[in-house]
Visitor: 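My questions will all concern the structure given below.
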Amino acid sequence: MHSFGYRANALLTFAITILAIMCAMASVSDNFNSLSPTSEVQVLNINWFQKKPDGDDEVSLTLNISANLESLFTWNTKQVFVFLAAEYGTPKNALNQVSLWDGIIPSKEHAKFSIHTTNKYRFIDQGSNLRGKNFNLTLHWHVMPKTGKMFADKIVMSGFRLPDAYR
Ligand SMILES: *[C@@H]1O[C@H](CO)[C@@H](O)[C@H](O)[C@H]1NC(C)=O
Ligand SMILES: *[C@@H]1O[C@H](CO)[C@@H](O)[C@H](O)[C@H]1NC(C)=O
């Protein structure tokens, strides 16, 4: 006994409800997925460590950078930019951040990796603060979504230390 208009309206309401439920599920699954990236980095070797003629310290490291960032890849992920930074404090700056390596991860298939490399960018301190220096290696990432806002996060790995003497 319903008029056509009433049925069309009921159908539309039903469709909108289903759409809303699907959106809610997608965004919940998105949130669940982005919870647990992991990373582990080892300093395999100090290749050399010196004071440059201008007085700044420079060190060359061989690193083993492993990470599993698969959970950052959802239906809405375009790509992920990732970089590894050495972070340490000096009397002048509470936080010095030196990027040692970076990369772009184009898809989930490439999001679990282990890379054996020397530092791609130079590890130079603006001074001579690196001898015996404790530092963190922090894996930072920026997720570039297909729609919506970019977001960033990081994993801090602490407990690294440079040698007491140049070599
Ligand atoms: C690099 O680290 C990964 C994960 O900890 C490990 O499986 C692999 O054997 C390491 N590679 C080297 C060259 O140390
Ligand atoms: C290094 O990591 C530790 C532990 O997360 C933190 O307390 C410390 O502030 C970090 N150091 C720097 C220079 O960021």
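In each ligand, atom 1 is the first atom listed, and ligand 1 is the first ligand listed. Computed from a prediction, not measured in an experiment: that's the story for all the values here.
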Visitor: Looking only at protein heavy atoms, identify the closest one to atom 5 (O) of ligand 2 and say how far it is in Å.
Guide: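 For atom 5 (O) of ligand 2, the nearest protein heavy atom comes out as V156 CG1, 4.0 Å.
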Visitor: Tell me which protein heavy atom sits closest to atom 11 (N) of ligand 2, plus the residue, atom name and distance to 0.1 Å.
Guide: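 Here the closest protein heavy atom is N136 ND2, 2.9 Å.
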Visitor: Between the side chain of K120 and the main-chain N/O of D102, is any donor-acceptor distance below 3.5 Å?
Guide: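 Checking the backbone N and O of D102 against the side chain of K120, a donor-acceptor pair under 3.5 Å is found.
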Visitor: Indicate the ring-plane relationship of F123 and F135, choosing parallel, tilted or perpendicular according to the 30° and 60° boundaries.
Guide: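 F123 and F135: perpendicular rings.
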Visitor: Could you tell me whether T138 approaches ligand 2 through its side chain, its backbone, both or neither, with non-hydrogen atoms closer than 4.0 Å?
Guide: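 Within the 4.0 Å criterion, T138 makes no contact with ligand 2.
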Visitor: Determine, counting only non-hydrogen atoms of the protein, whether one lies under 4.0 angstrom from atom 9 (O) of ligand 1.
Guide: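 No; the ligand atom in question lacks any protein heavy-atom contact below 4.0 Å.
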Visitor: Counting non-hydrogen protein atoms only, what is the nearest one to atom 4 (C) of ligand 1? Give residue, atom name and distance.
Guide: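 Checked against all protein heavy atoms, atom 4 (C) of ligand 1 sits closest to S66 OG, 3.5 Å.
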Visitor: Quickly, which of V43, D57, D125, L61 forms a side-chain contact (heavy atoms from CB on, under 4.5 Å) with L162? Name it, please.
Guide: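 Among V43, D57, D125, L61, the one that satisfies the side-chain contact (heavy atoms from CB on, under 4.5 Å) with L162 is L61.
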Visitor: Taking the six-membered ring for Trp, are W101 and F113 parallel (under 30°), tilted (30 to 60°) or perpendicular (over 60°)?
Guide: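 Geometry flag for F113 against W101: tilted rings.
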Visitor: Against heavy atoms of E40, which atoms of ligand 1 measure under 4.0 Å?
Guide: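 Answer for ligand 1: 5 (O).
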Visitor: Is there a donor-acceptor pair under 3.5 Å between the side chain of N136 and the backbone N or O of T138?
Guide: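 Checked: no pair found.
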Visitor: Below 4.0 Å, non-hydrogen atoms only: which portion of Y88 touches ligand 2? Side chain, backbone, both or neither.
Guide: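 It is the backbone that touches ligand 2; the side chain stays farther off.
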Visitor: What's the shortest distance from atom 1 (C) of ligand 1 to any protein heavy atom, and which residue and atom give it?
Guide: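 The closest one turns out to be N64 ND2, 1.4 Å.
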Visitor: Regarding R161 and D164, does a basic nitrogen lie under 4.0 Å from an acidic carboxylate oxygen?
Guide: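 Result for this pair is yes, salt bridge flagged.
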